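Remember, it's a predicted structure, so these values are computed and weren't measured experimentally. The first residue in the sequence is number 1, and the count goes up from there. Every number for a ligand or one of its atoms is a count from 1 in the order of the listing.
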Amino acid sequence: MSLFSSFPLREELTRAVSDLGFETPTPIQQKVIPLLLSQPRDIIGLAQTGTGKTAAFGLPLLHHTDIAQRHVQALVLSPTRELCMQIQEEFKKYGQHLHGLKSVAVYGGVPISGQIRELRQQPQVVVATPGRLIDLLERKALSLEEVRYVVLDEADEMLNMGFREDIDFILKNTPNREHTWLFSATMSNEVRGIAKRFMKQWEEISVAPANTA
Ligand code: AMP
């Protein structure tokens, strides 16, 4: 069993994880973090909420972000405003020692003007619900031209909520996407369909739900 300190994470991230009191990686983190640090690739992670999946993708995502570059490099799509806000909160904690890192969360149900203002501050990371992101793209409030990493969190939920066309549209508009990390609690034909349409050879990683491990 390895510890967080044994992962080759940027020192600022190791320090943040230690500040949070995380010592032992959860099973999904144990499997995913070393993989995404050593050689980024496409993955499908089958894991539910509560398994520590946010850190499993969030730490490698922040590790690979070039903070000196002020354009959106990483995009995380989530089905709901609540999950979006949760991911953003976690990212703020993980990135607390990465000076110059800016992550912005955009979701529906609140005025768009504040989010447009936040996007003008040139974040490297955007966490979004699909509908609001498309609205912002249509208003040219951000560009996905330079996005290298896309995370689809709770992909099965996004599909259940009818976001399939939105996800397709967004992924088609990330011309420089190098890697796609898809997380889902379940593997349905629709989830596999997204992978087949938009992902390269991927690795599948699954863990038991947190409470039955
Ligand atoms: P998630 O499944 O990503 O929603 O994470 C569930 C909760 O577990 C969050 O509040 C995390 O901050 C926390 N957490 C994630 N990884 C660890 C870990 N390795 N040790 C302790 N707590 C963790």
I would like to know whether Y94 and L20 meet side-chain contact (heavy atoms from CB on, under 4.5 Å); could you show each step before the answer? CA-CA 8 Å; Y94 306 151; L20 285 169; 3.6 Å; yes
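- Of all the heavy atoms of E90, the ones lying under 4.0 Å from any atom of ligand 1 belong exclusively to the side chain.
- At most 12 heavy atoms of other shown residues, nucleotides or ligands fall within 6.0 angstrom of atom NZ in K140.
- For atom 5 (O) of ligand 1, the candidate residues are A56, A47, G52; the nearest heavy-atom contact is made by G52.
- Taking every non-hydrogen atom of T54 and a distance limit under 4.0 Å, the qualifying atoms of ligand 1 come out as 1 (P), 3 (O), 4 (O).
- Protein heavy atom closest to atom 6 (C) of ligand 1, with residue, atom name and distance, is G50 CA, 4.0 Å.
- Residue Q29 touches ligand 1 through its side chain alone, judged by heavy-atom distances below 4.0 Å.
- The option from Y94, F183, F22 that lies nearest to atom 23 (C) of ligand 1, judged by heavy atoms, is F22.
- By the criterion of a heavy-atom distance under 4.0 Å, the backbone of T24, and not its side chain, is placed next to ligand 1.
- In this structure, R177 does not pair ionically with E145, as no charged nitrogen and carboxylate oxygen lie closer than 4.0 Å.
- Salt bridge status for E178 with K200: absent, with no side-chain N to carboxylate O gap under 4.0 Å.
- In this structure, atom 3 (O) of ligand 1 has a protein heavy-atom contact shorter than 4.0 Å.
- Two residues are said to be in side-chain contact when any heavy atoms from C-beta on lie closer than 4.5 Å; Q115 and Y107 meet this criterion.
- Protein heavy atoms are found inside the 4.0 Å sphere centred on atom 18 (C) of ligand 1.
- Side-chain contact, D153 with S78: no donor N or O sits under 3.5 Å from an acceptor N or O.
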